[in-house]
Number of protein chains: 2
Amino acid sequence: MGLEVMRHRDLNPHVSVDCVIFGFDNVDLNVLLIEREEGYIEENANNNAQPARGSLALPGDHIREDEKLDQAAARVLKELTNLDNIFLEQFHAFGHPNRAKNEADRQWMKSVRAEPDARVITVAYFSLVRLEMYNPKASSFAKHAAWFPVSSIPELAFDHNLIVRRALEALRNQLKNEPVGFELLPPKFTLSQLRRLYELILGTELEKRNFRRKILKKNFLVPLDEKQKGVPHRAARLFTFDKDKYESFKTDKYDFSI
Amino acid sequence: MGLEVMRHRDLNPHVSVDCVIFGFDNVDLNVLLIEREEGYIEENANNNAQPARGSLALPGDHIREDEKLDQAAARVLKELTNLDNIFLEQFHAFGHPNRAKNEADRQWMKSVRAEPDARVITVAYFSLVRLEMYNPKASSFAKHAAWFPVSSIPELAFDHNLIVRRALEALRNQLKNEPVGFELLPPKFTLSQLRRLYELILGTELEKRNFRRKILKKNFLVPLDEKQKGVPHRAARLFTFDKDKYESFKTDKYDFSI
DNA sequence: ACAAAAGTGTTTAATTTACACCCATGT
DNA sequence: ACATGGGTGTAAATTAAACACTTTTGT
């Protein structure tokens, strides 16, 4: 029994999970994409290795026959980033009969799937990670992964461009209802970093003073006696996120506004 | 080729859709449940025929190989209620490996499924209908369907009790973000009916005057020169819902609150 | 007449918005 | 010295919350 077959043995060929993993680098909101196995590497003008166009996809895989959907997503996330999941939310199932639309997709499925012609429904999750904690170039797993700014995502396999768009909408929706996204920031962060992140996710500008007042009133950010270092301007105070206070904030606030 | 086989021919045995159909009768929020095929009818103390305990389930079925998930849900809704879908929203996929947990579930699957042992992932939708428009007793299709108040749902097949709970949460969430649920009311309705509906979905009481002011300010309810009739108290003015104004309200309000 | 829900305004508190200048730091 | 982002307060407008009595209708 070859490796391929072993790999397939307990996978359900009809259902997969895909993860839209967001990362924040203080400038852009990024999505983690992987290069499909038979893909090749092109070098661009800056001499950075870049996965070739069309061979990029979201990290995802078929579920195992004996695992729950959430477990499958967590497993994939772990396999691809080696991080335990910080935040992982199912947001939509995608099942267009022709998700594997083009020849490249079908070829790829033939090479790696037990039942390449099976229709696949995928259950999509999004996840937030600290970009600094997952450097694809340095990591031994997933050498063929890279961060891409959400504002310039290349053409992806299957319906993954759609999935990314919907993930962003889901994240935005989440943020409209409850403050979220601390998983995207380092343990100690400035309010400007947080504000920039919010602006990116929401796609709007937020007024500095009002943002500060409103977010601090919620009482789950604790100011540290510590400041930024090495910045060419007045150093900002660092804050940290108090998960317990956050939870009690969330249960308090309900808040069924009509 | 027998009927059974024909029925199964183009169904995907691995993926189903389930619909949580909410209906409002001015008193309770109800869910439409169907009796599974081999089920029997018990008469209760009031002499009303009631589907027998344990044989009840959400309306749902496997998807066809050539249809999208949303189409499948719409088709099932149409097949079971004969109504074109008024509002239909995917809210979650359920895929616990042991969804068909007990003997009754497995027996039933053996009797009606092409691959009774296949693991099934179900994609759940919720839908709002006017209860008055769908009287299961009078209808020729789905004779074995009945409305059950969400506050007293009996034990259902598979994980359908869980699915109903999650559907209610999804509906509640939706209502927190945007006024919704007009599909549950008759074309002409009073503000008290609307308020009662909101209270049911949200699980809170809403103050009469404030509710009225707030909902009317949104400008998508139009007052009619018409009143209730035959009520043993002052007749309430009837309102109707203006879909166009509602849409412009929705696009206006964005409203990315931090 | 009475029971039952409809309808109506005001006051107070809380929240939101808009807005401009000085401060600390690295180069 | 200068460029850069950090940090701060207030006034005005809007929105939310609490609250009680009169009206209409059927019985």
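Residue numbering restarts at 1 for every chain, and letters A, B, ... go by the order of the sequence lines. All of these numbers come straight from a predicted model, not from anything done at the bench.
Neither OP1 nor OP2 of D:dT25 sits under 4.0 Å from any side-chain N or O of B:Lys227. Residue B:Ser192 has no polar side-chain atom (N or O) positioned under 4.0 Å from OP1 or OP2 of C:dA5.
Under 3.5 Å, the side chain of A:Arg209 and the base of C:dA20 form at least one donor-acceptor pair of N or O atoms. Between the side chain of A:Lys208 and the base of D:dG5, no donor-acceptor pair of N or O atoms lies under 3.5 Å.
Of the possible polar contacts, one joining the A:Tyr246 side chain to the A:Pro179 backbone as a donor-acceptor pair under 3.5 Å is found. Checking side-chain atoms of A:His160 against main-chain N and O of A:Leu58 turns up a donor-acceptor pair under 3.5 Å.
Atom CG of B:Asn210 and atom C1' of D:dC19 are 9 Å apart (whole Å). Computed from coordinates, the B:Glu199 CD to C:dA5 P distance equals 13 Å when rounded to whole Å. Between A:Ile215 atom CD1 and C:dT15 atom C1' the separation is 16 Å, expressed in whole Å. Here C:dG7 presents its P atom at 13 Å from CG of B:Leu221, a figure rounded to the nearest Å. Rounded to a whole Å, the NZ atom of B:Lys214 is 9 Å from the C1' atom of D:dT15. Residue A:Lys218 contributes atom NZ, which lies 11 Å from atom C1' of C:dT15 at whole-angstrom precision. If you measure from atom CZ of B:Phe211 to atom P of D:dA16, you get 14 Å, rounded to the nearest angstrom. In this structure, CG of A:Leu206 is placed 13 Å from P of C:dT16, rounded to the nearest angstrom.
In this view, A:Arg234 satisfies the salt bridge (charged side-chain N to carboxylate O under 4.0 Å, His left out) rule with no residue, not counting sequence neighbours. The salt bridge (charged side-chain N to carboxylate O under 4.0 Å, His left out) search around A:Arg195 returns A:Glu199, not counting sequence neighbours. Evaluation of the salt bridge (charged side-chain N to carboxylate O under 4.0 Å, His left out) rule for B:Asp225 yields B:Arg237 as partners, not counting sequence neighbours. The side chain to side chain donor-acceptor pair (under 3.5 Å) search around A:Asp242 returns none, not counting sequence neighbours.
As judged by a 4.0 angstrom heavy-atom cut-off over every strand, A:Lys229 is placed among residues making no nucleic acid contact. Heavy atoms of B:Glu207 sit under 4.0 angstrom from at least one base atom. Residue A:Thr190 is out of contact with every strand shown, counting any heavy-atom pair closer than 4.0 Å.
Less than 4.0 Å separates DNA chain C from at least one heavy atom of each of the following residues of residues 231-241 of chain A: A:Val231, A:Pro232, A:His233, A:Arg234, A:Ala235.
When each of B:Arg195 and B:Arg213 is assigned the nucleotide of DNA chain C with its nearest heavy atom, B:Arg195 is the one assigned upstream, toward the 5' end.
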All N/O donor-acceptor pairs, side-chain side in residues 22-33 of chain B, below 3.5 Å, sequence neighbours left out:
unit_1  : atom_1 : unit_2   : atom_2 : d
B:Asp25 : OD1    : B:Val27  : N      : 2.8
B:Asp25 : OD1    : B:Asp28  : N      : 2.5
B:Asp25 : OD2    : B:Asn30  : ND2    : 3.4
B:Asn26 : OD1    : B:Gln193 : NE2    : 2.9
B:Asn30 : ND2    : B:Asp28  : O      : 3.0

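Considering only the side chain of A:Arg212, D:dG7 comes nearest among D:dG7, C:dT15, C:dA18.
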